[in-house]
Protein chains: 2
Amino acid sequence: MNVSKHSKQRDAILEVLHSTKAHPTADAIYEEVRKKIPNISLGTVYRNLAKLSEDNTIIKVNAGTGVEHFDGTPTPHYHVVCTECGAIDDIDADPLEEVNVWAAKIFKGEIYKHSTIFFGKCERCKN
Amino acid sequence: MNVSKHSKQRDAILEVLHSTKAHPTADAIYEEVRKKIPNISLGTVYRNLAKLSEDNTIIKVNAGTGVEHFDGTPTPHYHVVCTECGAIDDIDADPLEEVNVWAAKIFKGEIYKHSTIFFGKCERCKN
DNA sequence: ACAATAATGATAACTGTTACTATTATTATA
DNA sequence: TATAATAATAGTAACAGTTATCATTATTGT
């Protein structure tokens, strides 16, 4: 797998990710892409999601739910999991670099980065 | 499953968790407990780890490795995953409450708490 | 001692994901 | 435009971690 070749399947997967603010799972993406390419294989979805993550075209979001979620916006940002409905929302801000600085003062090794998920109640469930 | 009953299996599992600073997986705990109770079932380990987590006697640590790790110290604290050797170390400090305050200012819902894992190089791998 | 029932060991089932393989599609080049 | 090289695909099997099932055993209160 050296020089990558185009595929309409990969395009369709990316389109799905770019068309939503939700953070769908591989399976949800599969169901959505099937509306365009009914015979696409679930394996193809996984393969492409893996490749796109490696490329940093998309990012994997581990929301602690045991299932991987995917985000079409590769810029680093935090996420909030709604404890009511399970929705994953973005926090539209740069990650807090000072948290790494804080940790580095306490930890007896090196700190490179961190990953944070928030738990709360989303705007929709709030009312 | 109303009033819980004592079991030597549960005691042994807790002992293992209290005897280590590593953050073993269910399987690693199973292997360790087997030295004392050779015919313990892996299902029993999982069942007890689930119950102990519910009780808040231990905590589950999702280090983003796809596998659940367990920590015998239920006091909230952060963890560092060593990108070199995979070890999970504790950050011995209270979580940063101000991070929630920060997020609450940006997010259009409510923020209850957050969970952070750091990635870095542990003391042992540092050299 | 006994009755009620929680916990166990053994194993099957389940879920999300990865690996395999023959076939198809894309790409660069002649 | 035909061709050769090979990346990507569909379909499916395999896998890992975990949960569920169930008959048996252990713990507990009376």
Side-chain angles (χ1 to χ4, degrees), chain A residues 1-17 22-55 57-71 81 86 88 117, chain B residues 1-17 22-55 57-71 81 86 88 117:
Chain A
M1 220 190 274
N2 250 334
V3 177
S4 90
K5 288 179 182 175
H6 221 239
S7 90
K8 65 170 192 282
Q9 287 86 346
R10 178 146 59 239
D11 289 347
I13 289 164
L14 251 182
E15 251 177 66
V16 167
L17 277 172
H23 297 74
T25 61
D27 204 67
I29 294 165
Y30 172 59
E31 289 305 336
E32 195 57 31
V33 173
R34 272 208 313 163
K35 293 176 183 169
K36 267 195 181 169
I37 309 172
N39 72 325
I40 192 173
S41 165
L42 181 56
T44 298
V45 173
Y46 272 105
R47 210 178 324 106
N48 278 297
L49 289 173
K51 181 179 274 275
L52 291 165
S53 307
E54 280 165 29
D55 290 0
T57 304
I58 65 173
I59 51 175
K60 284 190 192 178
V61 179
N62 182 334
T65 54
V67 198
E68 208 70 58
H69 290 256
F70 294 89
D71 190 330
V81 178
I88 301 174
I117 17 165
Chain B
M1 222 190 270
N2 248 334
V3 178
S4 91
K5 288 178 183 176
H6 222 237
S7 91
K8 64 170 193 282
Q9 287 85 347
R10 177 146 58 238
D11 289 348
I13 288 164
L14 251 183
E15 252 177 64
V16 167
L17 276 171
H23 297 75
T25 61
D27 205 66
I29 294 165
Y30 172 59
E31 289 305 337
E32 195 57 33
V33 173
R34 272 204 318 160
K35 292 176 184 169
K36 267 195 180 169
I37 308 173
N39 72 324
I40 193 172
S41 165
L42 180 57
T44 297
V45 174
Y46 272 105
R47 212 175 324 107
N48 278 298
L49 289 172
K51 181 179 275 275
L52 291 165
S53 307
E54 281 165 29
D55 290 0
T57 304
I58 65 174
I59 51 175
K60 284 190 191 177
V61 179
N62 182 334
T65 54
V67 197
E68 208 70 58
H69 291 256
F70 294 89
D71 189 332
V81 178
I88 300 175
I117 18 166

Expressed as a whole number of angstroms, how long is the span from [X]:[atom1] to [N]:[atom2]?
X: L49(B); N: dT8(C); atom1: CG; atom2: C1'; result: 15 Å
X: I37(A); N: dA10(D); atom1: CD1; atom2: P; result: 7 Å
X: E31(B); N: dG17(D); atom1: CD; atom2: P; result: 12 Å
X: I13(B); N: dG9(C); atom1: CD1; atom2: C1'; result: 13 Å
X: D11(B); N: dA7(C); atom1: CG; atom2: P; result: 12 Å
X: Y30(B); N: dA16(D); atom1: OH; atom2: C1'; result: 15 Å

On the nucleotide [N], are OP1 or OP2 found under 4.0 Å from the side-chain N or O atoms that [X] carries?
X: Q9(B); N: dG9(C); value: yes
X: N48(B); N: dT8(C); value: yes
X: T44(B); N: dG9(C); value: yes

message: How long is the straight-line distance from CD1 of I117(A) back to CG of N62(B), given to the nearest 0.5 Å?
response: 6.5 Å
message: Working to the nearest 0.5 angstrom, can you tell me the gap between I29(A) CD1 and E15(A) CD?
response: 13.0 Å
statement: For nucleotides 15-30 of chain C, 5' to 3', base contacts (B), sugar-phosphate-only contacts (S) and non-contacts (-) with protein non-hydrogen atoms under 4.0 Å give -SBB-------BS---
- prompt: side-chain contact (heavy atoms from CB on, under 4.5 Å) between Q9(B) and V33(B): does it pass, once the steps are laid out?
  reply: CA-CA 8 Å; Q9(B) 287 85 347; V33(B) 173; over 6 Å; no
Proximity to the side chain of K51(B) - top-ranked nucleotide from dA10(D), dA8(D), dA7(C):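 Of the options given, the side chain of K51(B) lies nearest dA7(C).
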task: Salt-bridge test for K51(A) and E54(A): reply yes if a basic N is under 4.0 Å from a carboxylate O, no otherwise.
output: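 No salt bridge links K51(A) with E54(A).
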pair L49(B)-K60(B): side-chain heavy atoms closer than 4.5 Å: no
query: Of D27(B), I13(B), V16(B), which meets side-chain contact (heavy atoms from CB on, under 4.5 Å) against V45(B)?
result: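 With V45(B) as partner, D27(B), I13(B), V16(B) yield a single side-chain contact (heavy atoms from CB on, under 4.5 Å), made by I13(B).
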